[in-house]
Enquirer: 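Dumping the structure here so I can ask a few things about it.
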Number of protein chains: 2
Amino acid sequence: MQEKLEALCQFVQNAADVGDLQVATERLRDHYDVAHIIYHWVNSVGERFGAGTYSQDWVDRYVEKDYLRMDPVILGCLQRFNPVDWKELDWSSRAARSFLREAVAFGVGNQGLSIPIRGPSGQFALFTASDNCDDYAWATFVDENMRDLMIIAHEFNKRALDFEQGGDSAPAPALSPRELAAMTYLAKGLNRAQAAKEMEISEHTLRVYIEAARHKLGALNTTHAVARALSRGLIVV
Amino acid sequence: MQEKLEALCQFVQNAADVGDLQVATERLRDHYDVAHIIYHWVNSVGERFGAGTYSQDWVDRYVEKDYLRMDPVILGCLQRFNPVDWKELDWSSRAARSFLREAVAFGVGNQGLSIPIRGPSGQFALFTASDNCDDYAWATFVDENMRDLMIIAHEFNKRALDFEQGGDSAPAPALSPRELAAMTYLAKGLNRAQAAKEMEISEHTLRVYIEAARHKLGALNTTHAVARALSRGLIVV
DNA sequence: TTCAGGCTCCCCATATCTGGTGAGGCCAGG
DNA sequence: CCTGGCCTCACCAGATATGGGGAGCCTGAA
């Protein structure tokens with residue numbers, strides 16, 4: 001078992017492209033004998049990337065309906081740190097329940113464990129295992145394999161980060177200290193006058209920072225700039 | 001060995017306070033027979049928090065000199081995802097070399113492995129093991145224990161997050177679908193007119209959503225509301 | 001030394017946002 | 001049945017942000 005884990009990690013580490021990661025999810029699914037294994041993420045530019053065993057129909061449907069924005073698994077994991085069983089999530093809204101019904105109809109499975117993974121620059125990814133079984137069987141599976149799945153999830157993300165960095169050559173828009181401070185105060189809800197007072201500079205000067213940050217971040221307005229700075233992990237509120 | 005890992009994880013999970021985490025680092029140090037084990041982080045408010053086996057002298061020195069801002073381990077890990085051996089870091093600057101000399105003099109150790117861990121809301125922590133030994137011995141140690149250390153690092157962070165969240169009691173205000181959509185478009189940089197057009201409603205209506213979201217989030221203005229929605233994981237950009 | 005980049009300050013006119021108040025229709029749960 | 005939450009629309013006046021211009025100082029790297 002332990003050797004098998006090593007072998008799977010090795011396979012992921014040696015993946016030459018996204019296709020190999022796809023194959024890795026299939027091997028993992030077979031190895032753990034579950035319905036699905038999925039790894040996916042949204043990078044800093046908003047491009048989606050994923051590898052998994054879901055049916056193409058479901059993936060298409062998911063993208064078409066922009067379910068990313070309301071999927072309780074995504075929303076729940078964004079707020080958490082540790083692996084989360086789907087049962088612990090909030091399925092109370094009507095939208096969530098109809099989503100769940102549809103997902104099950106597409107063969108996603110009624111049980112799931114999702115592991116949130118965060119990388120530099122606000123990167124966020126999700127590694128998920130799902131299956132069709134009763135609560136007890138699932139609890140047993142989770143109990144036995146959680147640790148291994150966490151390790152594998154990290155291997156996936158490591159490799160995916162390699163692909164990304166090779167691909168788009170990380171724009172890395174470093175903001176100057178004052179620009180970061182300005183963004184931070186704005187993100188905290190201060191208006192320009194207040195932020196300027198806090199930074200002990202004139203409001204005019206503050207504006208220069210905000211505009212500089214906007215340009216560096218390729219943002220359309222202040223709110224956009226703050227949103228980007230936040231989601232790229234440049235500032236923390 | 002495996003049972004020992006479980007026991008250590010259990011101990012961390014059951015930690016009642018920061019003091020217990022401190023004890024955990026000591027146990028880990030003894031168990032792995034290394035010079036030091038350290039877990040530390042900077043939370044969203046900029047408060048430092050840490051548990052570890054470094055001498056008080058070194059900790060004081062570190063804080064006094066504000067080494068956090070130039071420590072190559074910190075700077076390197078901020079840009080990486082996977083565990084990093086200190087040898088892989090950039091020690092080329094003069095400041096870095098003198099820092100290293102000083103650290104070794106304080107008994108920190110000449111070898112180290114640091115595991116960066118990221119949580120929700122930009123939280124960043126570091127779990128480090130360090131020792132005094134030759135490269136070969138260290139490579140062997142890393143090879144054998146990296147996985148376990150990653151798991152333990154996660155346990156530490158999980159518990160630390162519990163401590164933090166226990167303090168500030170996040171109420172988690174739910175936004176309605178339209179409010180979420182409004183926040184999302186604003187986070188994407190659209191102004192009210194554009195967002196309204198996108199949502200196919202009047203700008204007046206959109207304003208109602210924005211104000212509702214502002215109030216629910218306890219935000220002072222639109223930018224603040226978007227920032228909160230983002231950092232609480234309510235929306236995705 | 002030169003030069004780029006960060007930090008600081010200023011003006012003007014227009015676009016945009018904000019705060020308050022008011023109203024009607026729809027749907028689910030008590 | 002009725003209350004509460006959600007979705008939709010409207011007006012107004014004042015506060016705030018935006019876009020573009022110009023200018024001087026300081027520091028560290030080429």
Side-chain angles (χ1 to χ4, degrees), chain A residues 69-70 90-98 172-229 234-235, chain B residues 69-70 90 92-96 171-229 234-235:
Chain A
R69 308 206 173 280
M70 59 74 60
D90 175 21
W91 297 95
S92 62
S93 86
R94 204 179 329 163
R97 278 196 301 265
S98 80
L175 300 191
S176 78
R178 297 300 262 174
E179 287 160 0
L180 288 176
M183 289 293 104
T184 303
Y185 283 123
L186 293 179
K188 283 182 174 172
L190 278 68
N191 63 26
R192 298 197 308 194
Q194 295 168 322
K197 198 172 179 184
E198 208 66 32
M199 290 173 68
E200 294 180 322
I201 53 177
S202 76
E203 185 175 336
H204 310 283
T205 305
L206 179 71
R207 282 183 47 197
V208 177
Y209 296 142
I210 299 174
E211 289 185 29
R214 250 210 323 265
H215 288 135
K216 285 184 183 174
L217 294 165
L220 299 166
N221 54 45
T222 302
T223 300
H224 194 197
V226 170
R228 290 204 153 175
L234 300 175
I235 61 171
Chain B
R69 309 211 170 277
M70 58 75 60
D90 176 21
S92 63
S93 86
R94 204 177 327 163
L175 299 191
S176 78
R178 296 301 260 175
E179 287 159 358
L180 288 175
M183 289 293 104
T184 304
Y185 284 121
L186 293 179
K188 282 180 169 175
L190 305 195
N191 62 26
R192 297 195 311 194
Q194 294 167 323
K197 199 172 180 184
E198 208 66 31
M199 290 173 68
E200 294 179 322
I201 54 176
S202 76
E203 186 175 335
H204 310 283
T205 304
L206 178 71
R207 281 183 48 196
V208 177
Y209 296 143
I210 299 174
E211 289 186 29
R214 249 210 323 264
H215 289 134
K216 285 184 183 174
L217 294 165
L220 298 166
N221 53 46
T222 302
T223 300
H224 194 198
V226 170
R228 290 205 153 174
L234 300 175
I235 61 173

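First the proteins, then the strands, lettered A, B, ... as listed; each starts at 1.
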Enquirer: Any side-chain to backbone donor/acceptor pair from R214(B) onto L220(B)? Under 3.5 Å, distance only.
Expert: no
Enquirer: Reading DNA chain D from 5' to 3', where do the contacts with chain B start and stop? Cut-off is 4.0 Å to heavy atoms.
Expert: dC6(D) to dC12(D)
Enquirer: Does M199(B) form a side chain to side chain contact (heavy atoms under 4.5 Å, CB included) with Y185(B)? I'd like the steps, not just the answer.
Expert: CA-CA 9 Å; M199(B) 290 173 68; Y185(B) 284 121; 3.4 Å; yes
Enquirer: When you look at R69(A) and I235(B), which way does the side chain to side chain contact (heavy atoms under 4.5 Å, CB included) test go after all the steps?
Expert: CA-CA 7 Å; R69(A) 308 206 173 280; I235(B) 61 173; over 6 Å; no
Enquirer: To the nearest angstrom, how far is H204(A) atom NE2 from dC7(C) atom P?
Expert: 18 Å
Enquirer: Would you please test L186(A) and N191(A) for side chain to side chain contact (heavy atoms under 4.5 Å, CB included) and show each step?
Expert: CA-CA 6 Å; L186(A) 293 179; N191(A) 63 26; over 6 Å; no
Enquirer: Which of residues 182-202 of chain B sit near DNA chain D, with a heavy atom under 4.0 Å from it?
Expert: I201(B), S202(B)
Enquirer: To check you understand the geometry: which heavy-atom pair defines the closest contact between V226(B) and A187(B), and what is its length?
Expert: CG1-CB, 3.6 Å
Enquirer: State whether the side chain of T184(B) and the backbone N or O of L180(B) hold a donor-acceptor pair below 3.5 Å, judged by distance alone.
Expert: yes
Enquirer: Test of understanding: with side-chain hydrogen bond (donor to acceptor under 3.5 Å, both in side chains), list the residues that count as partners of S98(A), not counting sequence neighbours.
Expert: none
Enquirer: Mind grabbing the angle between the end helix axes of the helix from dT1(C)-dA30(D) to dG30(C)-dC1(D)? Five pairs an end, 10° rounding.
Expert: 60°
Enquirer: Would you mind telling me which of dT18(C), dC17(C), dT8(C) lies closest to the side-chain atoms of R178(A)?
Expert: dT8(C)
Enquirer: Please lay out, stage by stage, how K216(A) and L175(A) fare under the test side chain to side chain contact (heavy atoms under 4.5 Å, CB included).
Expert: CA-CA 7 Å; K216(A) 285 184 183 174; L175(A) 300 191; 3.6 Å; yes
Enquirer: Quick one: on DNA chain D, does P177(B) or H215(A) contact a more 5' nucleotide (nearest heavy atom)?
Expert: P177(B)
Enquirer: Answer yes or no: does a side-chain N or O of S176(A) lie under 4.0 Å from OP1 or OP2 of dC7(C)?
Expert: yes
Enquirer: Please check if the side chain of R228(B) supplies one atom and the backbone of G218(B) the other of a donor-acceptor pair under 3.5 Å.
Expert: yes
Enquirer: Below 4.0 angstrom, N of the basic side chain to O of the carboxylate: do R207(A) and E211(A) qualify?
Expert: yes
Enquirer: For the backbone of S176(B) and the side chain of E179(B), can you confirm whether one donor and one acceptor N or O come within less than 3.5 Å of each other?
Expert: yes
Enquirer: Holding to side-chain hydrogen bond (donor to acceptor under 3.5 Å, both in side chains), I want the full list of residues that pass it with T223(A), two or more places apart in sequence or in another chain.
Expert: T223(B)
Enquirer: Search all heavy atoms of R97(A) against all heavy atoms of W91(A) and return the closest pair with its distance.
Expert: CG-O, 3.2 Å
Enquirer: Please list residues of residues 205-213 of chain B whose heavy atoms come under 4.0 Å from any atom in DNA chain D, ordered by number; otherwise none.
Expert: T205(B), R207(B), V208(B), Y209(B)
